[in-house]
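Numbers restart at 1 for each chain; the letters A, B, ... are given by sequence-line order, proteins then strands. Just so it is clear, the model here is predicted, and its values are computed rather than measured.
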2 protein chains.
Amino acid sequence: MTTEPLSRARIVTAAIDLIEREGADAVSMRRIAAELGVGVMSLYNHVPNKDALLNGVAEAVLSEIEFTDDPDADWTDRVRSQARAFRQIAHHYPRCTMLVVSRQLSSAAGLLPVERALATLRSAGFDGPDAVRMVRLFIAFIVGSLLREVGVTPTFAPVHHRHLAGAEAVDPALFPEVSALAPLLGACDHDAEFEFGVELLIQAITVLHARKEGTH
Amino acid sequence: MTTEPLSRARIVTAAIDLIEREGADAVSMRRIAAELGVGVMSLYNHVPNKDALLNGVAEAVLSEIEFTDDPDADWTDRVRSQARAFRQIAHHYPRCTMLVVSRQLSSAAGLLPVERALATLRSAGFDGPDAVRMVRLFIAFIVGSLLREVGVTPTFAPVHHRHLAGAEAVDPALFPEVSALAPLLGACDHDAEFEFGVELLIQAITVLHARKEGTH
DNA sequence: ATTGACGGACGTACGGTGTACGTGCCAGCC
DNA sequence: GGCTGGCACGTACACCGTACGTCCGTCAAT
């Protein structure tokens, strides 16, 4: 059994595996070291500290986004596919999602999605300031959506009824709308919800686009 | 000096103060107890554990939202003011924002904003499913926006240049758009950005509204 | 007035955490 | 052959959440 020589990459992937298996709370230097069959302090030869390790996790997850961008496609389709790509990794690493969105990364991994998005929006004819605004808007929507989707499953148990275990848990007098719409609030088709949001944003942007074109 | 008798409320506000002063990482039972001039274990007479305490913090912050809803106003204005109210507390308790959005609350404090939003959307003529969709969309956008605004300042230092310390830090060959738009990406007028997003969402919703009305 | 129960403040203790620091092994180079 | 530098490792320390036992003030019933 040739134990290959421990590297930052091996440590990061071990951390990712551990997070996905047992949640972010289970991560500790000792735990990761044990997972790798290695002394705790050996980790510090490849990673300056735990925080940097977690940044590495976020980077690694983010860099697995598969952008299959077709420059010839309609810009709306390109936006759609990029939004979906972003969301797809969140589903591949659900327990890591919180980590990814809660750390702003200055590395290449964090910049590439922005680069792609800016490129397609510029090619669609938006000027710089507008393109930046659009990207920020889309990222806000995507991050917020992913947080909701993931926050629903902190234990990863398929709890569909969320905070509304029963309709009687919420007082209809205080919260008439919430209690009336409890069934709708309890069940959430995340896919449909996400697609709806993306379409609505794209449509809104298209309108704004046409309006600017018209004022030329 | 009459030391008033320690209560869940006092503990929670001490925690909030501590978080705002020194960040979320500074919170520990021992630290909070010291802040209150009290033994550590005394806290557990009023709070079952740290997690519940943090939930209490999130609830307290959330319940400070000031909804000055005018039922006679235009529904778009009501949506605007609700979105702004949500954002305002995030600016009042910037270091607590992450806590608030990362915990889904089943309490009244968490439900009230949803109730308000549903009520205004229903009064605007949306049916149940559409209203729920809209609320989810808005919350996703708001949460994502707040995370960006707050994530920019984890140290609360007014770092305006973010991840782009200098334009030369990012390789123009790899990231042409990012490097070209670096000045725009570096500086962000959060207020304007938020208002832009809210207006765009409202406009998109209005279009969708009109379309549904037309198909009657 | 005495007693009893009880709630809340507190100290101690245990297992776990991140990581600073020193030690020893082993490969590569002079 | 001896030196040097990198890497695995153990020990140690300060801090964490919290289970548990203790003590004391207050109040009810006797």
Side-chain angles (χ1 to χ4, degrees), chain A residues 1-60 95-96 98-100 102-103 105 154-155, chain B residues 1-60 95-96 98-100 102-103 105 154-155:
Chain A
M1 151 170 168
T2 83
T3 82
E4 59 181 319
L6 193 55
S7 64
R8 179 186 165 98
R10 285 216 321 140
I11 295 174
V12 168
T13 66
I16 293 179
D17 288 351
L18 181 57
I19 292 177
E20 288 307 322
R21 252 186 303 121
E22 309 193 16
D25 292 345
V27 194
S28 80
M29 292 300 178
R30 287 170 164 83
R31 193 76 168 72
I32 293 174
E35 212 81 13
L36 289 166
V38 117
V40 192
M41 294 316 288
S42 307
L43 302 179
Y44 287 87
N45 289 323
H46 306 269
V47 165
N49 53 45
K50 184 182 183 181
D51 209 59
L53 198 170
L54 295 181
N55 277 336
V57 168
E59 269 183 52
R95 320 279 280 259
C96 290
M98 194 58 170
L99 250 178
V100 174
S102 66
R103 297 172 174 262
L105 306 176
T155 63
Chain B
M1 152 171 165
T2 81
T3 82
E4 60 180 317
L6 194 58
S7 65
R8 178 185 165 97
R10 284 215 322 139
I11 295 174
V12 168
T13 68
I16 293 179
D17 288 351
L18 182 58
I19 292 177
E20 288 306 323
R21 253 185 303 121
E22 308 193 15
D25 291 345
V27 266
S28 79
M29 291 299 177
R30 287 170 162 87
R31 192 77 167 70
I32 293 174
E35 213 80 12
L36 289 166
V38 116
V40 192
M41 294 316 289
S42 307
L43 302 179
Y44 286 89
N45 289 324
H46 306 268
V47 165
N49 53 44
K50 184 183 182 181
D51 209 59
L53 197 171
L54 295 183
N55 278 336
V57 168
E59 269 183 53
R95 319 277 283 257
C96 290
M98 192 57 170
L99 249 179
V100 174
S102 67
R103 295 170 175 266
L105 306 176
T155 64

What are the two closest non-hydrogen atoms of [X] and [Y], and how far apart are they?
{"X": "A:G56", "Y": "A:V12", "value": "O-CG1, 3.8 Å"}
{"X": "A:R103", "Y": "A:N55", "value": "NH1-OD1, 3.1 Å"}
{"X": "A:M98", "Y": "B:M98", "value": "CE-CE, 4.4 Å"}

With nearest nucleotide decided by heavy atoms, which residue, A:P48 or A:A26, maps closer to the 5′ end of DNA chain C?
A:A26
Below 4.5 Å, heavy atoms only, C-beta onward: do A:L36 and A:L43 meet side chain to side chain?
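Yes. Closest side-chain heavy atoms under 4.5 Å.
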B:D17 versus B:E35: any side-chain heavy-atom pair under 4.5 Å?
no
At a cut-off of 3.5 Å, list every protein nitrogen or oxygen paired with a nitrogen or oxygen from nucleotides 7-10 of chain C, distance to 0.1 Å.
{"from": "C:dA9", "atom 1": "OP1", "to": "B:P5", "atom 2": "O", "distance (Å)": "3.0"}
{"from": "C:dA9", "atom 1": "OP2", "to": "B:H46", "atom 2": "NE2", "distance (Å)": "2.8"}
{"from": "C:dA9", "atom 1": "N7", "to": "B:N45", "atom 2": "ND2", "distance (Å)": "3.0"}
{"from": "C:dC10", "atom 1": "OP2", "to": "B:G39", "atom 2": "N", "distance (Å)": "3.0"}
{"from": "C:dC10", "atom 1": "OP2", "to": "B:S42", "atom 2": "OG", "distance (Å)": "3.2"}

Take atom [atom1] of [X] and atom [atom2] of [N], then tell me their distance rounded to the nearest Å.
{"X": "A:L53", "N": "C:dT17", "atom1": "CG", "atom2": "P", "result": "14 Å"}
{"X": "B:D25", "N": "D:dG17", "atom1": "CG", "atom2": "P", "result": "12 Å"}
{"X": "A:K50", "N": "C:dT19", "atom1": "NZ", "atom2": "C1'", "result": "12 Å"}
{"X": "A:L36", "N": "D:dC9", "atom1": "CG", "atom2": "P", "result": "11 Å"}
{"X": "A:N49", "N": "C:dA20", "atom1": "CG", "atom2": "P", "result": "8 Å"}
{"X": "B:M29", "N": "D:dA14", "atom1": "CE", "atom2": "C1'", "result": "19 Å"}
{"X": "B:R31", "N": "D:dC16", "atom1": "CZ", "atom2": "C1'", "result": "14 Å"}

Starting the side chain at C-beta, find the nucleotide from D:dT18, C:dT19, C:dT17 nearest to B:Y44.
D:dT18
If you go through the side-chain atoms of A:R30, does one of them form a donor-acceptor pair with the base of C:dG18 closer than 3.5 Å?
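For A:R30, whose side chain was compared with the base of C:dG18, there is a donor-acceptor pair (under 3.5 Å).
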Stepwise side chain to side chain contact (heavy atoms under 4.5 Å, CB included) check, B:V27 with B:L53:
CA-CA 11 Å; B:V27 266; B:L53 197 171; over 6 Å; no
